[in-house]
Structures are given as structure tokens and as C-alpha cells.
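Structure first, commentary second.
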Amino acid sequence: GTDGTLWAAEMKYTGTDTAYYSEDEVAALERFAEAFSATAFLVARFKQDTTFYYRRPENTRRTDSGNYAIDRDGEKEVLIE
């Protein structure tokens, strides 16, 4: 972050309108972030879209199967273009 905080990110690039993250991927990200005193973020970038969509895992939609999902048309937590 610009204020000196550390971010740890799991990034997905997809040609669909939803980026999915498994529970294992998110758990590994959270362990990594904790080890480095960083803030964990899930990041999605969609084909033909230059926007990066950031979500904290605890604020990310969960699917019926337990995966995490960021939707292209969903509410943005942090937006960097």
C-alpha cells in the first residue's frame, strides 16, 4: 500500500466474468500474509478489461461449493486502473 502497509495477493486472469479461488489457495495466501504481516487480497483481471479488482478474502463472495469468487460486475472494494 502507499502508506507502508504490505499486501499479499493471489491474482487470477480470466476470459469469463467470474474469477474463482479455491479454499486451499486462499488459506495459503492467508498463511503467507500472516507470516509477513501483510494484508491478504484476492485480485482479478478480466480479458479485455484493464481494471484490477481487489477484494479481501473475508469480503469475497463464496460459492455453494465453498470457493471464493470475484465477479466483473460486482461491487469493488479497491479499484486500481
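Only heavy atoms go into these numbers, but all of them, side chains included; no hydrogens, no water, no symmetry mates.
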Check Val26 against Pro57 and note the closest heavy-atom contact, atom names and distance. CG1-CB, 3.8 Å
Under a single-linkage definition using a 4.5 Å side-chain heavy-atom cutoff for Ile, Leu, Val, Met, Phe, Trp and Tyr, are Met11 and Trp7 assigned to the same hydrophobic cluster? yes
Please give me the minimum heavy-atom distance between Leu42 and Tyr21, naming the atom from each residue. CD2-CD2, 3.8 Å
Of all the heavy-atom pairs spanning Leu6 and Ser37, show the shortest one and how long it is. CB-O, 4.3 Å
If you look at every heavy atom in Thr39 and Ala33, which pair is closest and at what distance? C-CB, 4.4 Å
Would you name the heavy atoms of Thr16 and Thr18 that are closest together and state the gap between them? OG1-O, 2.9 Å
Do the side-chain N and O atoms of Asp24 and Ser22 include a donor-acceptor pair separated by under 3.5 angstrom? no
Do Arg72 and Tyr53 meet the cation-pi criteria used here (NZ or CZ under 6.0 Å from the six-membered ring centre, within 45° of the axis)? no
Taking only residues two or more places apart in sequence, or in another chain, which ones meet Glu30 in a side-chain hydrogen bond (donor to acceptor under 3.5 Å, both in side chains)? none
Does the pair Glu10/Arg55 count as a salt bridge with the N-to-O cut at 4.0 Å? no
Check this for me: Glu23, atom CD, are more than 12 non-hydrogen atoms of other residues, nucleotides or ligands nearer than 6.0 Å? yes
Test salt bridge (Lys or Arg N to Asp or Glu O under 4.0 Å) applied to Glu58 and Arg62, Arg61, Arg56, the passing residue: Arg56
Sub-3.5 Å donor-acceptor pair from the side chain of Asp49 to the main-chain atoms of Thr51, do we have one? yes
Take Asp71 and Asp17, measure what side-chain contact (heavy atoms from CB on, under 4.5 Å) needs, and give me the verdict at the end. CA-CA 6 Å; Asp71 301 305; Asp17 287 332; over 6 Å; no
Is the NZ or CZ atom of Arg45 both under 6.0 Å from the centre of the six-membered ring of Phe52 and within 45° of that ring's axis? yes
Could you tell me if Lys12 sits above the aromatic ring of Tyr20, with its cationic atom closer than 6.0 Å to the ring centre and no more than 45 degrees from the axis? no
